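Read through the structure below, which is laid out as structure tokens, and then see the notes.
Since we're looking at a predicted model, the values are computed, not measured.
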Amino acid sequence: MTATNNSASDSSNTLMVIDGHSMAYRAFFALPADNFQTATGQHTNAVYGFLNMLLAMIREQQPTHIAVAWDMDTPTFRSEQYPEYKAGRDKTPDEFYGQIDLIKQIMDALNIPNIELDGYEADDIVATMATNAEEAGWKARVVSGDRDTFQLINDNITVLYPMRGVSELPPFDAATIEERYGVSPAQYPDLAALVGETADNLPGVPGVGPGFAARWIKKYGGLQGVLDNIDNIGGKKGEALRENLEAVQRNRELNKLVTNLELPLDLDETVMVNPDRNQVAELFDALEFNTIRDRLFTTFEQQLGTTEEPPPAEDMPETILIDEITDWEAFLTSISEPVSVFCHITPPAVITKRKIPAPGDYGAIRALGFATSHATAVLDVDAASEELGQAVIAFLSDSAYAKVVYDLKSILKALATTASSSPLPARPDVNTSIVGVEDDVLLSAYILQPDRRGYDLTDLVQTYLNTRLESIVATENQGQLELEGIDDDNAQQLAQYARNAWMIHRLNEVMGEQLAERDAVPLLHDLEIPLSIVLAKMELIGIGIDRERLDSLLAGFTNEVEKAQQSAFASIGGQEVNLASPKQLQTVLFETLDMPKTRRTKTGYSTDADSLADLLEKTDHPFLHNLMAFRDATKLRQTVQGLLDSIADDERIHTRFSQTAAATGRLSSLNPNLQNIPVRTPAGRQIRDIFVAGTNPRSDERTTLLTADYSQIEMRIMAHMSEDAGLIQAYQDGEDLHRFVGAQVFEVEPEDVTTSMRDKVKAMSYGLAYGLSSFGLSRQLRISVDEARELMTSYFDRFGAVQRYLRNVVRQARKDGYTQTMLGRRRYLPDLQSDNRQLREMAERAALNAPIQGSAADLIKKAMLGVQDRLERDGLYSRMILQVHDELILEVIDSEVDAAEQILVEEMSSAATLKVPLDVQVGKGYSWHEAAH
DNA sequence: GCCGTTACGTA
DNA sequence: CGTACGTAACGGCT
């Protein structure tokens, strides 16, 4: 965007210049600070109010140019002339702290200049700019809560003055001033000088208000006239005027705004341009601003004349439409480098009632875009001949052609299930459907930035290429199909797919370089990409479900919910409240029943399980017991209902493993989440019992579930990384770790370690990797903070290397800016440098945990590749179906149980060679519950 | 309908 | 005032 249409003489230009501090301060008092706080305690009410005001002003005033003027902390000519100037003001509230700086950062991101000038106030900058604008033949709009700016008003300059907080900013023109004060704008400072300005600590003439002052000014034509006739003014007020003559003259000098400052930038440089979306997104993420984000972009787009034209694909080679086999052959022969392939996958059907994708539906590939550095092409699958379809399939499975894709796993799944009637018939063999994938830019982005929130192609293009992809087509990671910004014309849609392929091509170039720089290429090539293929298989296979038992569980839990609810109502005298509403519960517990207050939350007092347990101890009220039973039962019912809704047509559940969700490198599971199926309570374990061994398509044999989990993987990784001799010895000797540690810490013989001792050191050991504090430990163990502190001290006395390691992890992370796992997976933690203590300490705990949790994730991912490879190479029919962080679940046919078990143990325990053994425990059974050991 | 909050399941 | 996740319900907002 250039300023070509905004030359300095253009009379259609409107400059909006804002007195930043004045507006921020108004916004601060207009919105409750308590309601605008980030998780880390930074207040944002002034920032939010300011932005809202800014957007409203852009919409209403439609400026072509914007600038924000700021006061500096340094003395001004006014304070030098009159030291009491602005003295005696109330102290700025603590909650205001930091908000000015945030606003300035946002202005930077919006490419709106922040202007400040040593020795002058924002007002003077505002005055100079408005005057300059007028001289250039522009209009000017001054946004300020300082009435001194009224003196600037004329035909071309209007002041927008905040009323009712910052929600209304009516324009003040000459008529408004005349009407309100009875003087012209030019005379307003005369009036103000007589009346005085409390806010600036400028007393005027006692007893003289705006009314009298206006009358004098009218009569004598201005302050000068008043002073010339000072002896003709009678009465007490005349007397007072004569006595305060100096103050009035001083006031008039001080409230005169400077209009001829040397500014650090030209008017033209305030032209509105597009915001830096990345910077805005980053700031808004930190500020937890979500709804205002779109409003901001829309406002800017509308004001700037809608669309940013430049197609994101500068330098993009011309696109050819492939609709004949000869086109395809010509395209192929021209290729001498990896081909970027974009697959347009129709989104799966959605169950409208619950807004979830239909279980087991992975969509179909309807179009493909292709790109290399010198060619782009697009192919409409529906319009393709069978011959052309076959040619594409051959290309995809040909390892001679290297490929770059976005979201390999989704493509493999769609390809595996596309209807056989399509020119692109189903390619159920995930091993061969696409071969030669050199990069999946989705996975590359994850490795480069594992704590991003979204990895939509649009977002990646924005971040890495700094361009916009107007609309792109949905895949698994994007959610929905929307083609905004282009018309229905099929050709245009197809062109978009080619552009997407081109973007993938360019992303690959940029990201490939970054990955190479940080030696992360093996992590992509040898771990994440092959894992994507394994995960695609696991998702396609799914896990067997005993629907009948699940149905009866639902009935049982529903019944329990009902019973608990009735008892709960009965125990509070028949009052019917919504037990699922924390708000209503608060009323019952803390008002009706007048129970002691619990932990504070944002909206009142906590009613979580811990708090209820505390209350039960204190009050022994039956309502609490019933409420807890209700909570338990609803949670279980909800889990069961969720599972029932996710059963696919093959009577199995196909969870989706997200490979890009967890910042530490772990997988996550969704739709449904099979990584949080209950296991601790008997009722919960009933749910594990409905996950069963199902039928194997290649065998008539009976099947069994085999589970294998790493024993204390994170503790072992800590022992390995810290090289703590005691811990390593204990693991090598195969001792009961917690008993061993307990014996050391409490200085008793291992056989004399009591359950209570063991529990304490166990909690401590587990807590270590999370950055547990003595306070946290005391809470968890329900012991005093002193006792917890003693426990920690004697723990670290015995295992000093662990403490040194943990400290060192944080220190190194602070130095490097990131942590690293055993396979070199990085997590960047900029907050380690934050001034905000809460933020910084959170980052420190994350730094502590990330290498441990992340290395464990690395290990099991590596093990999964090993297990899958062995199963296939050994020709087994058994299949890996689930991963739950430190556990793998296989569905094996009975004749392969021993072989599969051996593979699991071997591959999992050899995933890495540590200074301690990697113990793997295996269990088998018909159900997941039975297979637990 | 969207979104933040609260609550709770897992490793 | 212990890390990492996903899901669901409520209730205020648009």
*asked:* Whether A/Arg779 contacts C/dC1 is assessed here as follows: a side-chain N or O lying under 4.0 Å from the phosphate OP1 or OP2. Is that the case?
replied: no
*Would you mind classifying the nucleic acid contact of A/Ser606 as base, sugar-phosphate or nothing, using non-hydrogen atoms under 4.0 angstrom?*
sugar-phosphate
*Taking the nucleotide of DNA chain C with the closest heavy atom to each, which residue, A/Ala846 or A/Phe775, is nearer the 5' end?*
A/Phe775
*Tell me what A/Arg637 touches on the nucleic acid: a base, only sugar-phosphate, or nothing, going by heavy atoms under 4.0 Å.*
nothing
*For C/dA9, does either OP1 or OP2 sit under 4.0 Å from a side-chain N or O belonging to A/Lys583?*
no
*May I ask you to say what A/Ala769 touches in the nucleic acid, namely base, sugar-phosphate or nothing, with a heavy-atom cut-off under 4.0 Å?*
nothing
*Looking at every strand, decide which applies to A/Asn578 at a 4.0 Å heavy-atom threshold: base, sugar-phosphate, or nothing.*
sugar-phosphate
*Is A/Arg779 positioned over the aromatic face of A/Phe775, cation under 6.0 angstrom from the ring centre and no more than 45 degrees off axis?*
no
*Got A/Val692 and A/Leu705 here, is their nearest side-chain heavy-atom distance under 4.5 Å?*
no
*asked:* Assess the residue pair A/Ser855 and A/Asp858 against the criterion (side chain to side chain donor-acceptor pair (under 3.5 Å)); give the C-alpha distance rounded to whole Å, side-chain angles, the decisive distance to 0.1 Å, and a yes or no.
replied: CA-CA 5 Å; A/Ser855 295; A/Asp858 288 349; 4.8 Å; no
*Please evaluate the base of B/dG9 for a donor-acceptor partner in the side chain of A/Asn676 within a cut-off of under 3.5 Å?*
yes
*Could you give the distance separating C/dG2 and B/dG4 at their P atoms, to the nearest angstrom?*
25 Å
*Which word best sums up how the rings of A/Tyr828 and A/Tyr818 line up, parallel for under 30°, tilted for 30 to 60°, or perpendicular for over 60°?*
tilted
*Hey, is the side chain of A/Ser581 poking within less than 4.0 Å of OP1 or OP2 on C/dG11, counting only N and O atoms?*
yes
_B/dT6 phosphate, OP1 or OP2, under 4.0 Å from A/Thr601 side-chain N/O_ = yes
_Between the base of B/dA7 and the side chain of A/Arg631, is one N or O donor paired with an acceptor at under 3.5 angstrom?_
no
*hbond_proxy A/Lys635 side chain to B/dC8 base (donor-acceptor, 3.5 Å cutoff)*: yes
_Taking any heavy-atom pair under 4.0 Å as a contact, classify A/Ser774: base, sugar-phosphate, or nothing._
nothing
*asked:* Expressed as a whole number of angstroms, how long is the span from A/Gln641:CD to B/dG9:C1'?
replied: 17 Å
*Check whether any side-chain nitrogen or oxygen of A/Arg666 sits under 4.0 Å from OP1 or OP2 of B/dA11, and answer yes or no.*
no
*Fit a plane to each ring of A/Trp928 and A/Phe691, take the angle between them on a 0 to 90° scale, and name the class: parallel (under 30°), tilted (30 to 60°) or perpendicular (over 60°).*
perpendicular
*When you check the phosphate oxygens OP1 and OP2 of C/dT14, does a side-chain N or O of A/Arg295 lie under 4.0 Å from one of them?*
no
*asked:* Quick check: closest heavy atoms across A/Gln780 and A/Ala763, and the distance to 0.1 Å?
replied: NE2-CB, 3.8 Å
*What does A/Gly767 touch in the nucleic acid at a heavy-atom separation under 4.0 angstrom: a base, only the sugar-phosphate, or nothing?*
base
_Ring centre gap for A/His625 and A/Phe630 strictly below 6.0 Å_ = no
_Heavy-atom closest contact (A/Val745 atom, A/Leu791 atom, distance)_ = CG1-CD1, 3.9 Å
*How far apart are the closest heavy atoms of A/Arg840 and A/Leu832, and which atoms are they?*
CG-O, 3.4 Å
*Assign A/Thr634 to base, sugar-phosphate, or nothing according to its heavy-atom contacts below 4.0 angstrom with the strands shown.*
nothing
_With a 4.5 Å cut-off on side-chain heavy atoms, are A/Arg825 and A/Glu528 touching?_
yes
*Quick one: is A/Thr603 getting a side-chain N or O under 4.0 Å of the B/dT5 phosphate, OP1 or OP2?*
no
_What's the closest nucleotide to the side chain of A/Ala662 if the choices are C/dG6, C/dA4, B/dA11?_
C/dA4
*May I have the distance from A/Leu882 (atom CG) to B/dT10 (atom P), rounded to whole angstrom?*
16 Å
*In whole angstroms, how far is the P atom of C/dA4 from the CD atom of A/Gln659?*
20 Å
*Could you please name the option among C/dT7, C/dC5, C/dA4 that lies closest to any side-chain atom of A/Leu670?*
C/dT7
*Looking for any heavy atom pair under 4.0 Å, which part of the strands does A/Glu887 touch: base, sugar-phosphate only, or nothing?*
nothing
*Choosing from B/dA11, B/dA7, C/dC5, which nucleotide comes nearest the side chain of A/His885?*
B/dA11
*In dot-bracket, 5' to 3', how would DNA chain C read with Watson-Crick or G-U wobble pairs under 3.5 Å, [ ] for crossing ones and | for pairs to another strand?*
..|||||||||||.
_By the 4.0 Å heavy-atom rule, please label A/Ala663 as base, sugar-phosphate, or nothing._
sugar-phosphate
_Interatomic distance, A/Gln584 CD vs B/dT5 C1' [rounded to whole Å]_ = 15 Å
*asked:* Nearest to the A/Ala580 side chain among C/dG2, C/dA9, B/dT10, which nucleotide is it?
replied: C/dA9
*Send over the distance from A/Gln638 CD to B/dA7 P, rounded to a whole Å.*
14 Å
_With sequence neighbours excluded, residues passing side-chain contact (heavy atoms from CB on, under 4.5 Å) with A/Asn578_ = A/Ala580, A/Ser581, A/Gln584
*If only side-chain N and O atoms of A/Arg845 are considered, is one of them under 4.0 Å from the OP1 or OP2 phosphate oxygen of C/dT3?*
yes
*Nearest whole angstrom, please: distance from the P of B/dC3 to the CD1 of A/Ile292.*
14 Å
*Tell me: CD of A/Gln853 to C1' of C/dG2, nearest whole Å?*
12 Å
*May I have the distance from A/Leu643 (atom CG) to C/dG6 (atom C1'), rounded to whole angstrom?*
13 Å
*asked:* Under 4.0 Å, heavy atoms only, any strand: does A/Ile677 hit a base, just the sugar-phosphate, or nothing?
replied: sugar-phosphate
*asked:* For a quick check of understanding: with a heavy-atom distance under 4.0 Å over all strands, which category does A/Ala609 fall into, base, sugar-phosphate or nothing?
replied: sugar-phosphate
*Side chain of A/Asn673 - closest among B/dT10, C/dT7, C/dA9*: C/dT7
*asked:* Whether A/Ser773 contacts C/dG2 is assessed here as follows: a side-chain N or O lying under 4.0 Å from the phosphate OP1 or OP2. Is that the case?
replied: yes
